[in-house]
Structures are given as structure tokens and as C-alpha cells.
Amino acid sequence: MSAKRKDQLATAGLYVIVGIIITVLAGLLGFVFVKGVPQLSWQFITSPPQIFKEGGGVGPQLFNSFYLLVLTLIISVPIAIGAGIYLAEYAKDHWIIRCIRVLIEVLSSLPSIVVGLFGFLFFVLYMGWGFSILSGAFALSVFNLPLLVRVIEQSIHNVPKSQREAGWALGFSKWETITTIILPAALPGIVTGIILASGRVFGEAAALIYTAGMSTPIIDFTNWNPLSPTSPLHPFRPAETMAVHIWKINGEGIMPDAAAISDGAAALLIISILFFNFTSRFIGNLLFKKMGAN
Amino acid sequence: MQSVALQPVTMKTNRIKQADSPDLQYSSVLQTTNLSVYYGGHCAVDQVSLSFPKQSVTALIGPSGCGKSTFLRSINRMNDDVDSCRTEGAIYYEGVDLHSPHVNLHEIRKQIGMVFQRPVPFAKSIFKNVAAGPMRYGVKDKKELQRIVEENLKKAALWEEVKDQLHTSALRLSGGQQQRLCIARALALQPSVLLLDEPASALDPVSTTKIEELISQLKKDYTIVIVTHNMQQAARISDEVAYFYMGRVIEHGPTEQVFTNPRHEQTAHYINGRIG
């Protein structure tokens with residue numbers, strides 16, 4: 001067989017593989033959208049669910065998903081930036097550091113249900129926070145941190161060494177060089193990583209079932225005092241997210257239109273995650289452009 | 001414009017530590033005595049004693065790997081940050097031993113500026129690139145920063161080209177402009193010495209010419225040490241030349257003498273292109 005023939009065969013093979021991937025993905029997205037999008041309406045995404053009758057929505061669940069995401073980012077981003085800076089700039093090649101890196105990799109591949117059960121034992125029971133947004137946010141932070149740390153470490157690592165030397169040559173200390181030169185240069189990568197990790201957190205269910213809980217108390221969207229128990233912001237109330245809601249109504253939903261609601265919620269979830277992905281690209285590109293990298 | 005007076009290098013005592021070297025020449029702002037630099041067991045710079053007269057350009061020439069860049073980087077102690085690098089001997093700047101434990105490393109690097117082979121603009125605006133140093137040393141006033149940026153971009157012969165785009169990213173400039181920006185950034189700290197590590201070797205001929213003209217301008221105010229691989233460049237812009245080979249200085253003297261009538265055969269061979 002000639003080299004040209006081999007090349008043609010390999011190219012054809014690659015096209016087939018790509019074709020299979022695209023078919024699976026398009027089929028899956030198409031199925032969810034075809035079934036789900038007709039269910040979406042303003043009423044659906046704003047009103048609370050109904051337990052026994054038709055016409056319920058997913059308003060509180062949608063709010064819970066975003067609120068939990070914001071709390072998770074508030075907890076995990078500062079820790080991840082600190083850890084990323086340490087690993088990229090300060091850590092020497094030492095067996096303890098190598099152990100830490102292996103641990104982070106193990107943590108990033110930990111099944112999320114295991115993270116959820118750990119959260120149940122530690123945050124819900126031991127800390128006594130109960131099924132609450134706070135327990136859920138901490139469990140999601142445990143789930144989210146390894147990925148974030150690696151993305152941030154990589155972004156910082158990708159800033160050329162010459163930038164550090166240029167900072168030192170101006171008399172900047174190591175810390176000043178990191179904060180005024182390296183972090184701004186690494187920012188597009190860091191922001192992209194955070195938004196992509198957000199998409200993963202947003203769709204997470206297993207880690208939340210035993211931490212943020214599977215119910216939402218009656219909340220009053222006119223009451224924004226975080227200390228009041230009926231406020232949507234109250235950190236110690238249970239908070240069922242969109243993903244958990246889908247899982248629940250498929251298992252034990254007794255409303256007559258459970259299947260339709262599940263379809264609508266699934267489409268809404270996927271739209272939100274697609275939104276995160278596109279925003280991350282958009283903001284990443286915007287930051288790169290602003291800094292002038294071609 | 002540039003004060004040549006002794007400036008205190010120590011921040012704690014505010015007093016100038018006098019060197020104990022008896023043969024210190026005060027006409028030279030910078031001097032090394034028996035400076036050796038080791039990378040692990042390898043001796044990259046071997047007992048180099050050189051002095052650099054005020055407001056002059058000294059070119060360090062020699063084949064690749066001869067230690068001239070390492071020597072340059074040890075002057076503002078950039079090698080401190082390299083693991084396994086060890087330095088022996090002394091460097092005197094304005095009579096102060098730069099290896100003394102009382103010396104403030106940040107102050108050294110402020111007064112001895114450095115420009116690298118490849119332009120390294122920060123991922124910031126042109127304005128912020130130049131203002132980064134002065135802001136680090138406490139200049140907060142906007143008008144004052146504006147003045148510093150303009151003054152130093154003018155000194156670096158870049159002002160006319162960028163005055164309308166000061167707040168766009170420095171990464172959009174061409175390589176030659178970026179290198180002049182890096183020079184402006186170093187000048188903004190009001191150094192008295194500039195260390196240039198092959199500043200034009202990554203640039204096109206037009207940019208190279210601009211950098212060379214700039215260097216000739218700058219030597220009125222600054223003491224310049226430049227590493228170069230380009231013999232014509234060394235001949236054009238330098239007042240003194242030091243020829244490095246295998247970590248040692250083989251010959252050091254006025255440029256004209258070294259180029260027309262070198263004392264060592266080896267120097268003649270290198271200049272005529274037979275080593276390197």
C-alpha cells in the first residue's frame with residue numbers, strides 16, 4: 001500500500017470517528033431540545049413547582065442553582081488562586097509537592113456521590129449545618145477545587161519566565177511580580193477556567209442530594225434579608241437545584257405533568273451550561289484582545 | 001539631568017558603606033574584582049576584574065557560551081534567582097559592595113537597569129508598562145506619572161510613534177518598538193547604569209539602527225554595558241570593549257585600539273571571524 005493510500009485511509013477513518021462523535025452529541029442535544037424547549041415559558045422558569053397538579057414551574061430551583069454556584073465560587077476561587085500561585089511559583093520539585101499533585105488529581109477524579117456523602121457526614125451532620133445551601137456550597141467547593149487549582153496553576157505556568165525576570169529586573173519582589181505582572185497576564189486563562197468549572201458545578205446533582213437537600217421551603221422573593229428564614233438568600237435553608245429536581249421528579253414526581261417538567265428543566269439546564277461555555281469563550285477572547293495578544 | 005552623586009544603597013542605615021578595596025577607582029561607577037560565577041561545578045565566569053567608566057558604553061564581546069551574559073546578569077544579581085548558581089568576588093557600585101548583606105536588592109535593580117535580548121513587554125498598556133516601576137516605588141500622582149511616562153518614552157525615542165495610543169496594549173507594538181518600550185521602562189526608574197543583553201539581536205535592521213542611535217544618545221546620561229554578538233555594532237557604539245573567552249577576559253581596552261591593534265592574537269582572530 002502506498003503512503004498516499006495509507007494517508008487517505010487514515011483521513012477517512014478520522015472523519016468516521018469525528019462523525020460518530022458529532023452524531024451522538026447532536027442527537028442527544030436535539031432530543032433534549034425537541035422535547036424540552038416547547039415546555040419553556042416565562043411562567044415555567046419563574047413559578048414554584050406544584051406537587052399534585054399540573055402547571056408547576058422550576059423558579060426556585062433555577063434561583064437555587066445560581067445562588068449555590070455563586071457561593072461555591074466565593075469559597076473556592078480564592079483558595080484555588082492561592083493554591084495555583086503556590087504550585088506554579090513557589091513549590092520546589094520535592095516528594096511532598098509531588099504527593100500533593102497526585103492527591104489533587106485523585107480528588108479531581110473522585111466520584112461526586114462520594115463527595116456528596118462526605119459532605120453529608122462532615123458539613124450536614126458533624127458541623128450541624130443540616131441540609132442547607134451552605135453545606136451544598138462547601139461540598140461543591142470540594143468537588144470543584146481540584147479542577148480550578150489545576151486550571152489556574154496551568155494559566156500561571158504558561159506566562160513566560162522572561163516576564164518574571166523583567167519584573168525582578170525592575171526591582172520588584174517575587175510577590176510584587178506575581179501580583180502586578182504574572183496574574184494580569186494569566187487572567188484570560190484563569191477566567192476561562194473559572195467559567196468552565198462553573199458549568200460543571202451548575203449541572204452537578206449527586207454531590208448535592210445529601211448536602212443541599214431535595215426540597216425547597218416556601219421562599220418569599222420579596223424578602224432579601226439573608227438572616228430571615230423565608231429569604232431566598234438564607235444560607236441555612238435547604239435548596240434543591242435544577243439538576244437535583246430533574247433527578248427527583250423522575251424518581252418520585254407525582255404531578256401529572258412530571259415528564260414534561262423534567263424535559264423542560266433538562267433543556268433549561270443544558271441551555272444554561274451552553275451559556276457558560278459561550279460566555280467563557282467570549283470573555284476569554286475579549287480579555288486576550290484587550291491585552292493585545294494575537 | 002541624571003545625578004551622578006553617590007546615592008545611598010542601604011535603606012536601613014541610609015549611610016553609604018565604603019568599600020574596603022584599596023585600588024577602587026572612583027571615576028568608574030561600576031567595578032568588579034575577581035568576579036567568578038559557578039553553575040553547579042561549572043565555572044561560567046572566571047575571576048573577571050573590569051571597571052566601567054561613567055557615561056560610556058562598554059561592549060562585552062566573545063563567542064557563545066563565553067560567560068559574557070552570565071557576567072552581565074551577575075551585576076544586578078539576577079543570578080541570585082537561579083538555583084545552583086554561586087558567585088565569588090566583588091562588585092562595587094558607587095563604592096558599595098553589592099554582595100554586602102546590608103545592600104537592598106530592590107534598590108540595586110532600581111539603579112542598575114536591565115534590558116533583555118527578547119523584548120518583554122508586560123501584558124498591560126504602553127502607559128502602564130512605563131509607569132509600573134515608578135508606581136512600585138511610590139509615585140501615585142497621575143500628573144507626575146504622565147510626566148514620567150512622556151519623558152522616558154521621549155528618551156527612548158518612542159514617544160512620537162505611540163503618543164496617541166498610550167492606553168492600548170503594549171503587545172500590539174512591533175518588536176523594535178517593544179524593545180524601546182522596555183528601555184523606557186528601565187529608564188523610568190532613573191537608573192545610573194543600564195545593562196543591555198544583546199538588545200538588538202532579535203530585531204530587524206531598521207529597529208537595530210534605532211536602538212544603536214538610542215544607545216549613543218543615552219550614554220550622555222548613563223553608564224551602559226552591552227553584550228553583543230555583532231562586531232560592527234560593538235565598533236559603532238562602544239567606547240570600550242572587553243573580549244571574553246571561556247569565562248575569562250582576554251582583552252579589555254578602548255574600542256579603537258582593540259579593533260585596530262589588539263594585543264592578543266586570540267582577540268584578533270575573534271574580531272576577524274575566525275572564532276565564534
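Letters go in sequence order (proteins before strands), and every chain restarts at 1.
Looking at B:Leu105, neither its backbone nor its side chain comes within 4.5 Å of chain A, counting heavy atoms on both sides. With a 4.5 Å cut-off on non-hydrogen atoms, A:Lys174 does not touch chain B at all. Heavy atoms closer than 4.5 Å to chain A are found in both the backbone and the side chain of B:Phe122. Proximity to chain A (any heavy atom under 4.5 Å) is shown, for B:Arg118, by neither the backbone nor the side chain. Looking at B:Ala132, the atoms closer than 4.5 Å to chain A (heavy atoms on both sides) sit in the backbone and in the side chain alike. Both the backbone and the side chain of A:Gln163 come within less than 4.5 Å of a heavy atom in chain B.
When A:Lys92, A:Glu165, A:Glu176 are compared by the number of non-hydrogen pairs under 4.5 Å with chain B, A:Glu165 comes out ahead. In terms of heavy-atom pairs under 4.5 Å with chain B, the best-connected choice from A:Gly167, A:Ala169, A:Pro160 is A:Ala169. Among B:Met135, B:Lys110, B:Arg185, the residue making the largest number of heavy-atom pairs under 4.5 Å with chain A is B:Arg185.
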**OP:** Show the numbers, then the answer: is there a side chain to side chain contact (heavy atoms under 4.5 Å, CB included) between B:Val37 and B:Cys85?
**Re:** CA-CA 7 Å; B:Val37 183; B:Cys85 183; 3.6 Å; yes
**OP:** May I have the step-by-step check of side chain to side chain contact (heavy atoms under 4.5 Å, CB included) for B:Ile91 and B:Leu35, ending in yes or no?
**Re:** CA-CA 7 Å; B:Ile91 308 163; B:Leu35 189 72; 3.7 Å; yes
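Among all heavy-atom pairs drawn from A:Ala166 and B:Phe116, the shortest one is CA-CE1, 3.7 Å.
Remark: the B:Gln179 side chain and the B:Ser207 side chain contain no N/O donor-acceptor pair separated by less than 3.5 Å.
For the pair B:Ser125 (side chain) and B:Ser169 (backbone), a donor-acceptor distance under 3.5 Å is absent.
With sequence neighbours excluded, the residues satisfying salt bridge (Lys or Arg N to Asp or Glu O under 4.0 Å) with B:Arg147 are B:Glu144, B:Glu151. With sequence neighbours left out, B:Lys210 forms a salt bridge (Lys or Arg N to Asp or Glu O under 4.0 Å) with B:Glu161.
Ion pairing between a basic and an acidic side chain is recognised when a charged N comes within 4.0 Å of a carboxylate O; A:Arg200 and A:Glu204 show no such pairing. A salt bridge is absent between B:Asp197 and B:Lys68: the closest approach of a Lys/Arg side-chain nitrogen to an acidic carboxylate oxygen does not fall below 4.0 angstrom.
Under the salt bridge (charged side-chain N to carboxylate O under 4.0 Å, His left out) criterion, the residue pairs touching residues 64-90 of chain A are A:Glu89-A:Arg164, with sequence neighbours excluded.
For residues 64-85 of chain A, an interface with chain B (any heavy-atom pair closer than 4.5 Å) does not exist.
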